[in-house]
Amino acid sequence: MLVRFGYVAMSLLVDNASPAKTMTLTGFRKLPDRDAALRRLARIAGENLANTLRLLRHNKAHDIHLYRFSSKLVPLIGHGDVADWDPLPQLAPAFAAIGAYVREHGMRTGFHPDHFTLLSTPREDVLASSIADLRRHVRYLELMGLDDTAKSNIHIGGAYGDKAAAAARFCGNYARLDDGVKRRLTLENDDKTFTAAETLAVCEQVGAPMVLDIHHHMVNHDGEDAVRLWPRIARTWSGQRVPPKIHASSPRSEREPRAHADYVDAAELLRFLRAIAPETERLDVMLEAKAKDAALLRLMEELRGEPGIVPVDGATIATFR
DNA sequence: ACCTGTCAAGTCTGG
DNA sequence: CCAGACTTGACAGGT
């Protein structure tokens, strides 16, 4: 099994390289000259995109082939206050430069629209803004010139007092999405509501690949074993041109089991990897540790010393079958 | 330069 | 039924 590792959005190792600088809505409203305020938003977006490219170069230097873009690249976009504002044409060259670099180096990238993007909601207004958000993420990826191996990953959403009804509503709303959005969507189990088994059932019903989060599974399950579910989860990726992806992180403490620790427990992750290795050829692991790329490098260092693990490059390992 | 409080979003819980 | 918790990085305002 060949396993690649990646991290999310920000770096602890590259200084002043945030891809998610913003302006608060309050701050925006306080500015007397609206055109100047909009220009400032566009300038911040340009800096976020430039920093994203810097991070990709940093990733390349460390053989990190997996990266999740920040969903806050363009501050306040999608908000009612700036509904008339479309900075994407002027930002297109910056998006294109990012995509060109990703393609040139064969990286796997994607987004994780935040948990206010919900397809299970009973509220029409929330559904409408969620669909608009998904379309906007597709637009980003298209501006980058990335094919549909680059996806947005979301959760099923809230239960609203009736989880089965919420799942059914999710499926109905999913079915009505346009193909461009559908082709670029993956679904992930969450830490409070939809378990891995429940998320898998939805994935199988609508035909979406499932991202298994093994930390979420640990704190939200009905007794089922993630390794037992794995063959079905892996099957949701058949027909895709990228390997299955999982999320990995470790609990901060016994008192705060859901919170993400700074670093990833190598032994715990390795147990899962070894368990699925016999039936898995390739796997991508997105680390969701607070220490971001520093956690990734430390994990790689720890894995290098493990028996049966062969380092392939700075952020890829092979395990014996 | 640093510290504390606030900000955005939608759902869910506690009172 | 409404206020606060949840989550996250960064802004905003204070010292």
Side-chain angles (χ1 to χ4, degrees), chain A residues 7-32 37 40-41 43-49 51-52 55 67-83 85 111-137 152-163 165-167 169-170 173 188-195 198 213 215-216 219-220 247 249-253 255-262 286-295:
Chain A
Y7 70 101
V8 176
M10 318 260 205
S11 170
L12 260 64
L13 306 173
V14 184
D15 286 334
N16 299 314
S18 170
K21 290 181 92 61
T22 187
M23 189 192 303
T24 61
L25 196 54
T26 320
F28 177 80
R29 285 173 178 163
K30 267 186 210 161
L31 294 172
R40 193 151 130 199
L41 286 179
R43 199 202 43 169
I44 294 170
E47 289 169 7
N48 289 340
L49 292 168
N51 280 336
T52 297
L55 292 172
Y67 175 72
R68 181 197 301 166
F69 296 120
S70 167
S71 279
K72 297 185 170 70
L73 292 172
V74 184
L76 297 188
I77 196 166
H79 197 282
D81 278 38
V82 294
W85 175 62
F111 285 104
H112 195 344
D114 50 23
H115 48 274
F116 313 113
T117 298
L118 298 159
L119 295 180
S120 67
T121 181
R123 288 173 51 183
E124 280 302 321
D125 57 332
V126 174
L127 180 63
S129 61
S130 295
I131 292 171
D133 191 43
L134 291 174
R135 288 208 178 108
R136 185 165 47 248
H137 281 88
S152 288
N153 178 56
I154 60 169
H155 297 286
I156 307 291
Y160 312 89
D162 185 342
K163 212 194 275 190
R169 200 162 47 236
F170 179 98
N173 288 334
E188 177 193 351
N189 58 305
D190 68 78
D191 60 350
K192 281 187 167 163
T193 311
F194 283 90
T195 64
E198 290 163 344
D213 187 311
H215 181 189
H216 290 167
V219 295
N220 181 29
H247 289 175
S249 52
S250 298
R252 183 179 297 166
S253 64
R255 205 173 51 82
E256 305 164 285
R258 280 205 302 265
H260 291 194
D262 290 352
M286 185 61 76
L287 301 183
E288 294 188 329
K290 299 281 275 183
K292 311 286 180 185
D293 50 348

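Just so it is clear: chains get the letters A, B, ... in the order the sequence lines come, proteins before strands, and each one is counted from 1. Scope of the values below: all heavy atoms of this structure, side chains included, with no hydrogens, waters or symmetry mates. Since we're looking at a predicted model, the values are computed, not measured.
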Contact class for [X] vs. all strands (heavy atom < 4.0 Å): base, sugar-phosphate, or nothing?
X: Thr193(A); value: nothing
X: Lys72(A); value: nothing
X: Ala259(A); value: nothing
X: Thr117(A); value: nothing

What's the closest nucleotide to the [X] side chain, out of [options]?
X: His260(A); options: dG9(C), dT8(C), dA10(C); value: dT8(C)
X: Phe116(A); options: dT11(B), dA9(B), dG9(C); value: dA9(B)
X: Lys30(A); options: dA12(C), dG10(B), dT7(C); value: dA12(C)
X: Val126(A); options: dG9(C), dA9(B), dT11(B); value: dT11(B)
X: Lys192(A); options: dG10(B), dA8(B), dC6(C); value: dC6(C)
X: Arg123(A); options: dT11(B), dA10(C), dT7(C); value: dT11(B)
X: Thr26(A); options: dA8(B), dC11(C), dG10(B); value: dA8(B)
X: Lys21(A); options: dT8(C), dC11(C), dA8(B); value: dC11(C)
X: Thr24(A); options: dC7(B), dG9(C), dT7(C); value: dC7(B)

**Item:** Residue closer to the 5' end of DNA chain C, Met10(A) versus Arg40(A) (nearest nucleotide)
**Value:**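 Its nearest nucleotide being more 5', the pick is Met10(A).
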To the nearest angstrom, how far is [X] atom [atom1] from [N] atom [atom2]?
X: Leu12(A); N: dA10(C); atom1: CG; atom2: P; result: 10 Å
X: Arg29(A); N: dC7(B); atom1: CZ; atom2: P; result: 11 Å
X: Ile131(A); N: dA9(B); atom1: CD1; atom2: P; result: 19 Å
X: Ile154(A); N: dT7(C); atom1: CD1; atom2: C1'; result: 18 Å
X: Ile44(A); N: dA8(B); atom1: CD1; atom2: C1'; result: 15 Å
X: Leu25(A); N: dC7(B); atom1: CG; atom2: P; result: 10 Å
X: Asn51(A); N: dA10(C); atom1: CG; atom2: C1'; result: 14 Å
X: His115(A); N: dT11(B); atom1: NE2; atom2: P; result: 11 Å

Which value, in whole Å, describes the distance between the [atom1] atoms of nucleotides [N] and [M]?
N: dA8(B); M: dC2(C); atom1: P; answer: 22 Å
N: dA5(C); M: dG5(B); atom1: P; answer: 13 Å
N: dA12(C); M: dA9(B); atom1: P; answer: 15 Å
N: dT6(B); M: dG4(C); atom1: C1'; answer: 15 Å
N: dT7(C); M: dG14(B); atom1: P; answer: 14 Å

**Message:** Given 3.5 Å as the limit, does a donor-acceptor pair link the side chain of Asn48(A) with the main chain of Lys21(A), or not?
**Reply:**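 Looks like yes, one N/O pair under 3.5 Å.
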**Asked** Atom OG1 of Thr193(A) and atom NE2 of His216(A): how far apart are they, to the nearest 0.5 Å?
**Response**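 Going from OG1 on Thr193(A) over to NE2 on His216(A), the span is 11.0 Å.
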**Prompt:** In this structure, are over 12 heavy atoms from other groups packed under 6.0 Å from Arg136(A) atom CZ?
**Reply:**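 Atom CZ in Arg136(A) is packed in, count exceeds 12.
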**Prompt:** Would you say a side-chain N or O of Lys163(A) is under 4.0 Å from OP1 or OP2 of dC12(B)?
**Reply:**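 For dC12(B), neither OP1 nor OP2 has a side-chain N or O of Lys163(A) closer than 4.0 Å.
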**Message:** Check this one for me: any side-chain N or O of Tyr160(A) less than 4.0 Å away from OP1 or OP2 of dC12(B)?
**Reply:**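 No.
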**His215(A) and Glu288(A): side chain donor to acceptor below 3.5 Å** =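 No, because no side-chain N or O of His215(A) sits under 3.5 Å from a partner of the opposite role on Glu288(A).
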**Asked** With distance as the sole criterion, is a donor-acceptor pair present between the side chains of Ser11(A) and Asp293(A) under 3.5 Å?
**Response**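 Side-chain D/A pair, Ser11(A) to Asp293(A): present.
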**Request:** Would you please indicate if the ring centroids of His112(A) and His137(A) are separated by under 6.0 Å?
**Result:**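 They do not qualify: ring centres at least 6.0 Å apart.
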**Message:** So that I can tick it off, tell me whether Arg123(A) and Asp125(A) are bridged by a salt bridge, with the cut-off set at under 4.0 angstrom between side-chain N and carboxylate O.
**Reply:**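 A salt bridge is present here (some side-chain N lies under 4.0 Å from a carboxylate O).
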